[in-house]
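See below for the structure under consideration.
Lettering follows sequence order; numbering is per chain, from 1. Everything numeric in this text was worked out from a predicted model, so none of it was measured.
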There are 2 protein chains.
Amino acid sequence: MSVAPPRPKGPHLNALRAFESAARLKSFAAAANELCVTPGAITQHIKALEAWAENDLFVRRTRGVELTPLGEELLPEFTAAFDMLGSAVQSLRTKSTPNKIRIATLPSIAQLWLSEKLGELRRVAPDISVSVVAVETSPNLARDPYDVSIFFKHGELSSTETDLFQDRIFPVCTPEIAARLTSVSDLEGETLIHDSTWAGDWGYWLERVPDSARDGKRGPTHSLFSVALEEACNGAGILMAHEALVLAKLQAGALVAPFPHKVSLDRSLVMDVAPRFRNTVACKMLKLAMIEKLSA
Amino acid sequence: MSVAPPRPKGPHLNALRAFESAARLKSFAAAANELCVTPGAITQHIKALEAWAENDLFVRRTRGVELTPLGEELLPEFTAAFDMLGSAVQSLRTKSTPNKIRIATLPSIAQLWLSEKLGELRRVAPDISVSVVAVETSPNLARDPYDVSIFFKHGELSSTETDLFQDRIFPVCTPEIAARLTSVSDLEGETLIHDSTWAGDWGYWLERVPDSARDGKRGPTHSLFSVALEEACNGAGILMAHEALVLAKLQAGALVAPFPHKVSLDRSLVMDVAPRFRNTVACKMLKLAMIEKLSA
DNA sequence: TATTTGCCGTAGAAAAACTCAACCAAGTGA
DNA sequence: TCACTTGGTTGAGTTTTTCTACGGCAAATA
């Protein structure tokens with residue numbers, strides 16, 4: 001009824017972003033992590049937004065939060081909007097600095113496989129600068145600040161994805177240890193080195209190899225594959241290796257594969273490219289460097 | 001090459017909004033106005049964004065700014081993103097408070113026509129609360145915080161729009177003044193009251209009425225029609241009235257129309273409803289109140 | 001029963017955003 | 001021609017927002 005002052009302000013953009021993140025992840029803590037702030041900050045944003053709307057968006061349970069029907073209803077709209085905004089921002093970045101590539105990948109891939117390939121890329125196209133960001137989970141290429149992602153993937157590839165290699169595993173160790181291993185059953189009694197991200201690897205391999213020991217759980221576990229690899233090089237035991245990650249060590253002779261049995265996992269290392277980045281010069285150069293070397 | 005720290009931050013959301021606004025309006029000053037800040041704030045945001053992108057988005061001319069090709073290329077993406085975000089926010093508002101309606105309209109419509117209709121609405125649906133915001137130009141209903149807009153429009157109506165009435169103009173004055181006017185030519189020598197937003201009205205009317213004076217420029221101009229109307233009621237002269245805006249005064253006898261000639265302008269007062277607001281209860285009630293009374 | 005997990009609340013600190021006022025340069029117009 | 005206007009810029013200072021730190025709490029876990 002009353003004539004309001006012009007342009008009533010909406011909620012703060014950061015509050016909207018906090019809502020979108022918290023709602024999508026169904027957790028304030030996770031949203032805080034995603035946005036690189038403390039959970040308290042998320043609480044405040046959400047509260048501010050709820051106050052503005054004069055309605056609750058979340059029901060607070062003692063352990064975690066839950067969306068109200070209203071929040072649930074609104075989430076897709078906000079997610080779509082922030083996807084689009086993120087995409088616009090990334091588009092700005094890509095178009096502004098076409099020679100800077102950002103790659104997201106697993107820490108072990110970054111360290112043990114990718115760095116070599118990037119040497120190749122630098123040789124081919126020295127004006128392209130690459131940042132590698134080691135993350136645990138595959139990012140949303142449309143929204144997040146990466147041009148390329150390299151992760152293991154199971155199942156069908158989309159048309160934008162490139163298969164880099166199939167993941168194959170087999171035991172590796174120092175030549176000294178290998179000398180005392182003549183058959184798979186000799187593993188009984190040896191120290192088996194594990195990687196926590198691929199905890200089931202030893203079990204998977206042993207299952208598929210005849211005459212092998214049953215127990216694939218013995219021995220130390222490392223959270224980084226690169227550490228496990230280093231341990232193996234130091235003769236600490238036998239590591240279940242992923243082929244591409246130990247090639248360099250095998251070629252250098254630091255490690256050997258004592259058995260001929262290589263087991264294929266039903267997944268591949270897959271490279272995906274952000275929509276805006278396809279068909280750029282830098283993208284072509286990158287693919288060249290990655291795939292060229294692979295066939296060699 | 002180097003392994004960057006995780007989650008590199010993007011530009012501030014407010015900077016993006018400033019860019020979108022400035023780019024769309026092709027003016028920092030206009031953007032400042034739209035976002036209710038000073039031009040200096042816009043300058044700062046844009047500069048920050050340009051620094052982040054390491055690229056210019058605008059070329060500064062001495063009189064105003066111009067988009068660079070890069071900025072031009074990016075604008076549609078950002079506009080789409082902010083449209084969507086605005087729409088999501090309005091959706092939140094509408095769904096949170098379905099009984100609060102915001103109407104955007106011209107100041108004169110708000111004061112002289114709408115307030116009466118809203119009385120009717122309040123009678124029919126007392127639980128609906130209405131805010132009327134007087135603005136000069138029609139808002140983007142998908143993005144801006146209004147559920148309904150009421151503006152004059154020329155040409156075809158879209159399916160979401162409702163024609164409220166055709167705009168017709170004719171002179172009005174107090175009965176005392178009317179007493180000494182027997183023919184249109186008597187206007188010669190009288191004081192003609194003008195409204196600045198519809199400056200050409202007198203000329204338009206005079207052109208279309210036989211035997212009229214040629215000069216439609218004499219007399220005082222007011223920037224608000226309501227002020228001009230008040231002046232007319234005080235006997236300050238003869239006002240070129242818009243029919244719907246003076247009905248109440250005519251009915252009350254404060255003003256009369258000294259001549260029978262009513263001239264139709266080729267435009268109508270048109271009501272448009274935001275997408276999210278269509279099919280809501282409040283919307284139906286509003287339409288009822290607006291159109292019901294009209295036919296009476 | 002002790003511990004952990006995940007959100008809340010507040011106080012104070014840090015960062016961002018904004019205003020203000022002076023300034024500049026190119027048109028405009030008296 | 002000289003003052004005025006327009007539209008953007010700049011930097012200092014201030015306000016507002018945003019964030020962190022940290023104690024608290026309640027339920028699930030062990």
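- For A/Gln44 against D/dT17, a side-chain-to-base donor-acceptor contact under 3.5 Å is absent.
- Qualifying salt bridge (charged side-chain N to carboxylate O under 4.0 Å, His left out) partners for A/Arg24, counting only residues two or more places apart in sequence or in other chains: A/Glu20, A/Glu34.
- Under 4.0 angstrom from either OP1 or OP2 of D/dT9 there lies at least one side-chain N or O belonging to B/Thr43.
- Neither OP1 nor OP2 of D/dT18 sits under 4.0 Å from any side-chain N or O of B/His12.
- Here A/Ala29 lies in heavy-atom contact (under 4.0 Å) with sugar-phosphate atoms only.
- Rounded to an integer number of Å, the gap from A/Arg17 CZ to D/dT18 C1' is 11 Å.
- Protein atom CZ of A/Arg61 is 13 Å distant from nucleotide atom C1' of D/dA26, rounded to whole Å.
- Scored by the ring pair (Phe, Tyr, Trp, His ring centres under 6.0 Å) test, B/His242 finds B/Trp198, B/Phe225 as partners (sequence neighbours excluded).
- The side chain of B/Thr38 sits closest to C/dC18 out of C/dC18, C/dC8, D/dG8.
- A donor atom on one side chain and an acceptor atom on the other are not found under 3.5 Å apart for B/Arg143 and B/Asn140.
- A straight line from NZ of B/Lys47 to P of C/dC18 spans 16 Å, rounded to a whole angstrom.
- The aromatic rings of B/Phe82 and B/Phe78 lie parallel to each other, their planes meeting at an angle below 30°, with 60° marking the opposite boundary.
- Per the geometry, CG belonging to B/Leu13 stands 13 Å off C1' belonging to C/dA17, to the nearest Å.
- Checking A/Ser91 against A/Arg276 by side-chain atom types alone, no donor-acceptor pair falls below 3.5 Å.
- Here NZ of B/Lys95 is found 12.0 Å from CD of B/Gln90. Values are rounded to the nearest 0.5 Å.
- The CG atom of B/Asn33 sits 12 Å away from the P atom of C/dT19 (whole-angstrom rounding).
- Whole-Å rounding puts the A/Leu49 CG to D/dT17 P distance at 15 Å.
- As rounded to whole Å, 10 Å separates atom P of D/dT20 from atom NE2 of A/His45.
- Nearest to the side chain of B/Phe28, among D/dG8, D/dC19, C/dC7, sits D/dG8.
- Counting heavy atoms from C-beta outward, B/Ile103 and B/Val133 have side chains that stay 4.5 Å or more apart.
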Sugar-phosphate or base contact per nucleotide [nucleotides 21-30 of chain C; S, B, -; heavy atom under 4.0 Å]: ----SS----

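- Between B/Arg60 atom CZ and D/dT9 atom C1' there is a gap of 9 Å when expressed in whole angstrom units.
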